[in-house]
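Reviewing the structure listed below.
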Amino acid sequence: MRASQFFIATLKEAPSDAEIVSHQLMLRAGLIRRLAGGIYTWLPMGLRVLRKVENIVRQEMDRAGAIELLMPAVQPFELWEESGRGPKYGPELLRFKDRHQREFVIGPTHEEVITDVVRREIRSYRQLPRHFYQIQTKFRDEIRPRFGVMRGREFLMKDGYSFHASYADLEREYRNMYDSYSRIFSRLGLKFRAVAADTGAIGGTGSHEFHVLADSGEDAIAFCPASDYAANVELAEAVAPTKVGAGETVKLAAPMEKKATPNKTKCEDVAAFLGLPLTQTVKAIAVMAEKEGGSEFVLLLLRGDHDLNEIKAQKVVGEFRFARDEEIVDALGCKAGYIGAVGFNGRVVADRSVAVMSDCVCGANEEGYHLTGVNFGRDLPQPETVADIRNVVEGDPSPDGKGTLELCRGIEVGHIFQLRTKYAEALKCTFLDEQGKDQVMEMGCYGIGVSRIVGAAIEQGHDERGIVFPAGIAPFAVAIVPMNYAKSETVRAAAGALHAELLAAGIDAILDDRDERPGSMFADWELIGIPHRVVVGERGLLVGKLEYKGRSDTEATMVAASEMTAFLKQKLCDG
RNA sequence: CGGGGUGUGGCGCAGCCCGGUAGCGCGCUUGCUUUGGGAGCAAGAUGUCGAGAGUUCGAAUCCCUCCACCCCGACCA
């Protein structure tokens with residue numbers, strides 16, 4: 001490829017609406033352009049990257065025994081009614097009507113469609129197991145698309161679905177996918193981690209997420225350095241404290257007292273104001289839980305230094321939303337910031353760590369006042385429900401009993417589920433077993449966010465000059481940068497010869513024949529993140545040499561022109 | 001959807017408080033020079049100031065409505 005025939009659309013300054021590095025760099029390097037919120041055009045340079053990711057994913061899926069097919073993006077809504085997922089998916093599902101007033105959706109995922117295919121095509125245990133996958137554009141009408149391609153509404157995804165005659169066989173395939181995914185992310189050159197995950201809206205039982213480790217990641221991961229335990233914080237269990245007070249709160253059974261705490265609404269402020277440790281405060285979070293025929297006001301109690309885990313809480317109290325100010329005043333006679341469970345006679349759910357506290361500090365249900373020396377069983381009844389409803393924090397004991405947890409951040413790029421019979425049952429996807437008996441198929445599903453990987457790779461690989469792509473997914477492997485291309489015939493000839501030689505050797509090289517100034521050519525290729533650069537200049541050619549520099553190298557090295565192809569081949573193998 | 005913010009040539013911004021000829025840098029076009037780290041000189045082109053309504057002799061600037069986008073929260077690959 002010659003630069004003059006390609007399309008290079010680099011920008012000196014990043015558009016101001018891009019927040020995180022990967023988004024800014026993708027815009028600046030001319031990989032993508034925004035069309036509408038969360039919807040992007042992949043410019044030729046970006047498309048090359050996307051295709052390289054896609055091909056690695058495809059190769060490994062094929063190698064793992066999955067079979068590629070392509071399903072429609074547009075799906076009849078009836079299928080979603082049949083699976084029962086239509087209402088649950090909600091407004092994220094983009095729905096529309098065709099000219100005959102028939103309802104359709106643009107597929108956010110394809111469990112329904114694939115199950116429909118399989119239920120029509122597969123009848124016998126002899127045809128199982130089967131694993132189908134596709135690499136296709138999805139649409140999810142995200143509430144808040146952001147971070148460019150990392151959370152777009154339209155995005156490219158690899159989604160695979162496996163069908164089995166038995167759970168044991170599903171487990172086998174699940175492990176197979178776990179290994180394949182690990183291989184894929186290794187080949188992509190990413191630092192990643194597989195973590196146990198919540199199953200979310202897709203449903204099912206076993207589930208692992210694959211996260212690219214990056215500080216800008218939207219997910220928090222808890223892991224134990226002393227064991228192989230790793231889980232999404234959404235799921236990671238905060239184990240019940242074994243000792244009363246967990247070594248931090250001392251049992252004093254002090255009398256309950258009301259203290260004026262003007263304008264101190266946050267636990268941090270109250271603790272500092274009263275000169276007490278934050279771990280002695282209890283925060284009360286008011287929620288409205290869905291109940292038949294209306295909603296119920298519920299107080300969730302957490303230790304002051306802990307955060308609510310809404311997913312865990314949802315499993316205890318059911319679907320809920322945060323209570324509005326007027327609802328709080330209605331139930332407790334006081335506005336948020338000074339509320340507490342003392343004197344409240346509705347439903348109270350306490351976190352496990354709260355249940356073992358004594359002499360707590362909590363809101364007095366009176367504006368400007370908090371209570372100290374509050375004790376369960378004396379000042380208020382023991383909480384009706386004690387459960388794990390908080391996020392784990394650094395230093396919590398690992399749920400596997402081997403050491404303590406640490407936290408890091410990640411970008412979810414893959415997710416594997418054991419769906420079991422959830423969809424197969426709803427859509428009556430059955431087969432005849434060896435006894436000729438009708439059985440519901442066991443199902444697994446496996447997703448990879450192909451377009452998101454591009455963003456994640458850049459989050460992980462960049463410096464002050466631009467993108468540092470892993471060798472496997474860079475748009476070009478080598479950039480040939482000639483000096484004074486327009487005027488120097490020797491340079492032109494040498495650069496052309498090297499270009500031809502590299503192409504013949506199967507190396508994806510681009511020749512920068514734009515006759516730009518050297519500085520802007522260097523800047524462009526560094527911004528775009530090409531791993532290898534060869535400068536062809538008259539000075540070097542006089543002694544038969546070319547200059548090589550890797551994207552992360554600090555110094556360039558001179559290589560004999562005749563050796564350059566072999567030299568690069570070696571570099572590409574190492575990379 | 002709740003809270004916060006921003007919309008001015010392709011990109012980055014100033015101008016807005018205090019109404020009076022729409023500006024700067026980069027980029028773009030042409031010419032000459034230059035050619036190993038985003039060149040220099042000269043000459044140019046490019047704007048419904050997000051949209052609509054209003055106040056006013058006069059609106060980018062003040063008022064109202066709407067739209068788009070960004071950030072923080074609940075969703076997910």
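Below, chains carry the letters A, B, ... as their sequence lines are ordered, and counting in each starts from 1.
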Tell me which nucleotide among [options] gets nearest to the side chain of [X].
X      : options             : value
A:R151 : B:C70, B:U35, B:C76 : B:C76
A:D17  : B:C71, B:C69, B:C26 : B:C69
A:S16  : B:G27, B:G12, B:A77 : B:G12
A:E142 : B:G36, B:C75, B:G38 : B:C75
A:E218 : B:G38, B:U35, B:C75 : B:C75

Would A:I114 and A:Y423 satisfy side-chain contact (heavy atoms from CB on, under 4.5 Å), going step by step from the backbone distance to the final call? CA-CA 10 Å; A:I114 192 70; A:Y423 295 94; over 6 Å; no
If the threshold is 4.0 Å, N to carboxylate O, is there a salt bridge linking A:K422 and A:E111?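 Between A:E111 and A:K422 there is no salt bridge, as every charged N stays at least 4.0 Å from the carboxylate O atoms.
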Does a side-chain N or O of [X] approach OP1 or OP2 of [N] to a distance below 4.0 Å, or not?
X      : N     : result
A:R144 : B:C72 : yes
A:R517 : B:A39 : yes
A:R146 : B:C72 : yes
A:R28  : B:G12 : no

Base of B:G38 paired with side chain of A:D524 (donor-acceptor, under 3.5 Å):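 Under the 3.5 Å cut-off, the side chain and the base do form a donor-acceptor pair.
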Which of these passes side-chain contact (heavy atoms from CB on, under 4.5 Å) with A:L546: A:T557, A:L541, A:V559, A:V535? A:L541
In whole angstroms, the gap separating P of B:C76 from NE2 of A:H211 amounts to 13 Å
Searching all strands shown, indicate the nucleotide that pairs with B:A68 (Watson-Crick or G-U wobble; both distances under 3.5 Å).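 B:U6 is the nucleotide pairing with B:A68.
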For the residue pair A:Y178 and A:H208, categorise the inter-ring angle as parallel (less than 30°), tilted (30 to 60°) or perpendicular (more than 60°). perpendicular
